[in-house]
Amino acid sequence: LWLAKHFPCNSVVGGNFEEVCPEKVIRFKPPLYKQRYEFVRDLVDRHEPKKIADLGCGDTKLLKLLKIYPCIQLLVGVDINEEKLHSNGHHLSPYLGEFVKPRDLDLTIILYHGSVVERDSRLLGFDLITCIELIEHLDSDDLARFPEVVFGYLSPAMVVISTPNSEFNPLFPTVALRDADHKFEWSRMEFQTWASQVAKCYNYCVEFTGVGTPPAGAEHVGYCTQIGVFTKIGGKAAGSCVSEDHDQHVYKAVYMTSYPSLQQEKVLKFVLVGELLIQVEHLRLRHHRMLRERKRESDPKPRDTDFSLGPDLLLGAVFTEAEKARIENSPEPFCEGDKFCVPLQRLLAYPKLHRLRVDEERMRALIADSVCLSSDSSAVMVDLYNSLDYWPEDS
Amino acid sequence: MSGRARTRARGMLRGSRALEVRGSPGYLAATSVDLGNSEVSLSSRTDSVWQPSDEHDAASGDGEHTLMERRVRIRQDLMDLGICTRERLAHVKDCKTGSSGLPVKLVTNLFSLDLPQDWQLYQYHVVYSPDLPSKRLRTALLYGHSELSDRTKAFDGAILFLSQKLDQKVTELTSETQRGETVRMTVTLTNKLVSSSPVCIQFFNIIFKKILKKLSMYQIGRNFYKPSEPVEIPQYKLSVWPGFAVSVSHFESKLLFGADVSYKVLRNETVLEFMTDLCVRTDTSCFPQTCETQLVGLIVLTRYNNKTYRIDDIDWSVKPTHTFQKRDGSEITYTDYYKQQYDITLSDLNQPVLVSLLKRKRNASMEPQAVHLIPELCFLTGLTSQATSDFHLMKAVAEETRLSPLGRQQRLARLADDIQRNQVARFELETWGLHFGSQMSLTGRVVPSEKLIMQDHICQPASAADWSKDIRACKVLSSQSLTTWLILCSSRAENRIEGFLSCLRRVGSTMGFNVGYPKIIKVQENPASFLRAIQQHVDPDVQLVMCILPSNQKNYYDSIKKYLNLDCPVPSQCVLTRTLNKQGMMMSVATKIAMQMTCKLGGELWTVEIPLKSLMVVGISICKDALSKDTLVVGFVASVNPRITRWFSRCILQRTTAEVADCLKVFLTGALNKWYKLNHDLPARIIVYRDGVGDGQLKAVVDYEVPQLLSSVAESSSDSSSCRLSVVVVRKRCTPRFFVETSKTVQNPPLGTVVDSEATRPAWYDFYLISQTTSQGTVSPTYYNVIYDDNVLKPDHMQRLTFKLCHLYYNWQGLISIPAPCQYAHKLTFLVAQSIHKEPSLELANHLFYL
């Protein structure tokens, strides 16, 4: 539905349009609101910002989409509807799976209750600030203050502003504002004039684009949603220049959550020990298999069991040439009596452990109280056979 | 059959038994979870995507509750509360509490939830004209109306709950959509609910669900867990998440919030990693099959949302590079989908997909929808059956999860504190007029301990938990001499036999159990050789066969038990070689084995004083067959002498959809005939203890099982003698826990503690009894609900009799947590369900052959 909005205020009545005039409805595929989010995700993909704030975050849908990006470390949402922030906050908490396979970098998500035309120093120094379908909800006073706060004070490296394009409206059956709370809807000219002025005033350059392609024959009206992407000239610099005593905390933090990540020692240890034990177990089983195959070869009795796996069933990640070389250049696992040992260096060569960027010394310290090490502490040592070993043909 | 067709076939089969999927073994708490029911509550999702979406559960609260159905569906266990059995029992109508025993002050895990006296919840039905399909729009229009804007409300799109009544029974509201269209909303009062009504109880449960989520807990199944405070067990690649099972319920006179500590076991590996290792372990030929046996039925957690899925199948023909159809009709590969949707890159493009069938909540008759899951993105929860049978692993898990009464009490206090301190939680409660009160204390009673009656000695055990030392020198009540018997063993175990035998004969003679010298047969170490030797050497004179098994692999035990219970009914005793190797334990091992053998030959070990002179007690237990999940195993064990030392045991397999026994009339009539034969009269009283009644099944037991028993009693009775029947439902799982608070610490209550007030239910004749001990953890009470009672025993007597019966289980020299007949029936059904899968030979019915 074209009116599913990013900033639904108290009169969320967009969805019923179909009943009014079913035969003339313009449908976007994917829905327009999704296209707007997709646009932001694309930007995030390309620029890998660390700190993002979404002004007028509403039901936090966009934040929820953004939290999956590994580059983001601080994600902030601001809205004037506190109730909405309260009821949607917990949707932003980490997924259960993120406690099992945590992120690489820390991520904090904070929701603030407040107005986008008030200054709060906690929003200084951001890489990207998004204002999706926001400005048309501002009355003229607020709209006048808006550039000064967002561009002048917060001064992020990049700002994205989207707003309805009124030239598109005649294509809709009823000509009116798209939402009862909209204070205005601008033509392309109006938006671009305003945006260019703002950009010039605060030393940004701006590019115009949009989402929601008009139907064939009506190309002249332009995108349904017009978007301005503002980039600060000279890159990210300001923001940090505000000293501590200028701290202005006018927003009220409504919700905050921190994600488990490999930057936290406890989490790193958990992941390291976990991946290590999985790798050791895998190597131990392969060793078993090798022993059995050797035994079978020396066993003259013909067996019909086939150990070579068909290509269909070959599971597990495939190593790249570089990974292979790294593994082959590291010391091999060995047996000592009924113990199976895997050198730490070998373990660190496997991609899943390698990517943790831990050196041997650190690794030793982290795993010391969780696994058994060989006498010279250079290898992890486990029983060659354990109680869970079960080979089908044993029975 | 293709993978998909097979899944569909399975799906249909499972779909018809919507409530039968039991929780995986990963639930370690006493309150285990029925995953089949996990999302019952009031939520209903209408997901129509092929891929699991990252939408949170609808009930996760956007200020509204999802009671999508026009009629509120009531949770199974709340339905049971509506079965008012007490009102039919005249003798306990006014008072169901006993008075004997020493009073003891107990702290519970229940907290009072206070409501204003005249509190009511108003349920309305809202109709829109014109009808609007979007729930969001419906909600926005309704909430935006001035009539409702300031009220405390919950709305699911059709049903509206208000804490304050509207002026009119029917209220017409109009709102205008932004397009200028007028929508009429008719709000009609359909129900005024008092706080004890099931709908209200369910409503309160949803409020607490919301609150716990605000406290950073995650719902898995029915319980709530804190993954941010994990306990790691690295050597087994396990994490354990602490949490709570919580429920709001109406107890005797009050609304109470109950919480019990629960743990969730997580495996720190993905399904793909699990499969890869399994692949190295197994032959190609049987890898897919082994994979399926190990994985199907397990619950997985996906990485990109908070949902859990049950693995119903593995589709080996689908790879991540294949495409599927999205909701909007477009085709996309799995790899692209996960990259686009969640920024996840799949590392293994050769993995198959897991298939999970989503039950249609709104329409159970519809075919369940299959969802494809990528093994690399799924984490295993719970433990495989193989892992649960690993003693060391289970020990490691138990060490991390076992809580002393003090530890448990501290956790509870912290939860209560969190709820009371959290602003959002407090606001949520207050807005509905609820007040989270204090932890409830009550007074229980400790019934007197029991004396054991042996052949020529009456002994008062030092502790009822374990009287093995007290009766070591005593003779058992009666025993058969064992003269003709066989021992089968492998050559490896041979050197142990002599020592063991001499021990066995020595303890036997102290017990008064004569053990003759057996014929010893050496066999090779494989199940077939054992079976062959048995077939060769067992003749009608053989009294008992003992097998010394080299390992506890199931096929040894199963093949032996099958043959000796079905084809050639002879009592059998299996012993592991390992057991005989235990140095310094030989005497106690031999004593235990001697006692089991005595029972299997029809002997009697001990009894307690039973004041009722002509009483038959019966235990009924039900479980599912391990091989075919739609087969029920019903076990029935009845005492056949006044001393309650001899038993008549029957077991039947029944194909059915409901967990209700069909054959009780035949069983009871058989037991009464047996009694008559031995005692030349009928028992004056029969008390049946029924175990294994699941949530929502109480009505079936009352309406269907009790009449079967009554009809048997009526047919067997003559004019001169008739017997009276009582039926008691036994539950090992119940919300309440009880502690004794001393000046220094918190302890388990003493054995024999009875609670029959406050934590009980007004509509039932019920009580809790603690007849279980534990050295380290917290005991759980057993819950008894007398649903039928012609015997008109005083509550005191019913409680004490139940306690006495917990002393009579011959496989354990101490008290057990449920009455002995129930435990016997349980043991019998377990043997049949796990090993023999057929009704055991009737010739064995008079012996405790299954111990």
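Lettering of chains follows the sequences in order, A, B, ..., and the numbering in each one begins at 1.
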If I compare all heavy atoms of [X] with all of [Y], which pair ends up nearest, and what's the gap?
{"X": "B:Pro234", "Y": "A:Leu277", "value": "O-CD1, 2.9 Å"}
{"X": "B:Asn306", "Y": "A:Pro94", "value": "OD1-O, 4.2 Å"}
{"X": "B:Leu266", "Y": "A:Val100", "value": "CD1-CG2, 3.9 Å"}
{"X": "A:His282", "Y": "B:Val280", "value": "CE1-CG2, 3.7 Å"}
{"X": "B:Pro230", "Y": "A:Lys266", "value": "CD-NZ, 4.5 Å"}

Selection from [options] maximising heavy-atom pairs under 4.5 Å formed with chain B:
{"options": "A:Leu96, A:Val371, A:Ile68", "result": "A:Leu96"}
{"options": "A:Gly274, A:Cys372, A:Ser370", "result": "A:Ser370"}
{"options": "A:Arg286, A:Glu98, A:His86, A:Arg41", "result": "A:Arg41"}

Gap between atom [atom2] of [Y] and atom [atom1] of [X] - 0.5 Å precision:
{"X": "B:Met217", "Y": "A:Ser93", "atom1": "CE", "atom2": "OG", "value": "13.0 Å"}
{"X": "B:Thr276", "Y": "A:Ile278", "atom1": "OG1", "atom2": "CD1", "value": "9.5 Å"}
{"X": "A:Phe99", "Y": "B:Tyr218", "atom1": "CZ", "atom2": "OH", "value": "4.0 Å"}

Hey, does [Y] have a side-chain heavy atom less than 4.5 Å from the side chain of [X]?
{"X": "A:Glu281", "Y": "B:Glu269", "answer": "no"}
{"X": "A:Tyr255", "Y": "B:Val424", "answer": "no"}
{"X": "B:Thr302", "Y": "A:Tyr95", "answer": "no"}
{"X": "B:Ser239", "Y": "A:Phe270", "answer": "yes"}
{"X": "B:Glu232", "Y": "A:Val273", "answer": "no"}
{"X": "B:Glu273", "Y": "A:Glu275", "answer": "yes"}

Problem - side-chain contact (heavy atoms from CB on, under 4.5 Å) partners for A:Thr320, two or more places apart - result: A:Ala322, A:Glu323

Completion exercise
Applying side-chain contact (heavy atoms from CB on, under 4.5 Å) to A:Phe340 and not counting sequence neighbours gives A:Leu283, A:Arg284, A:His287, A:Pro333, A:Cys335, A:Val342, A:Val382, A:Leu384

Exercise for the section: Flag yes if more than 12 heavy atoms outside B:Gln289 fall under 6.0 Å of its CD atom; otherwise flag no. Expected result: no

Exercise for the section: For atom NZ of A:Lys101, decide whether the heavy atoms of other residues, nucleotides or ligands shown that lie under 6.0 angstrom number more than 12. Expected result: yes

Completion exercise
If one checks every heavy atom of B:Gln340 against chain A at 4.5 Å, the contacting part turns out to be backbone

Exercise for the section: Give, as side chain, backbone, both or neither, the part of B:Ser228 having an atom under 4.5 angstrom from any heavy atom of chain A. Expected result: both

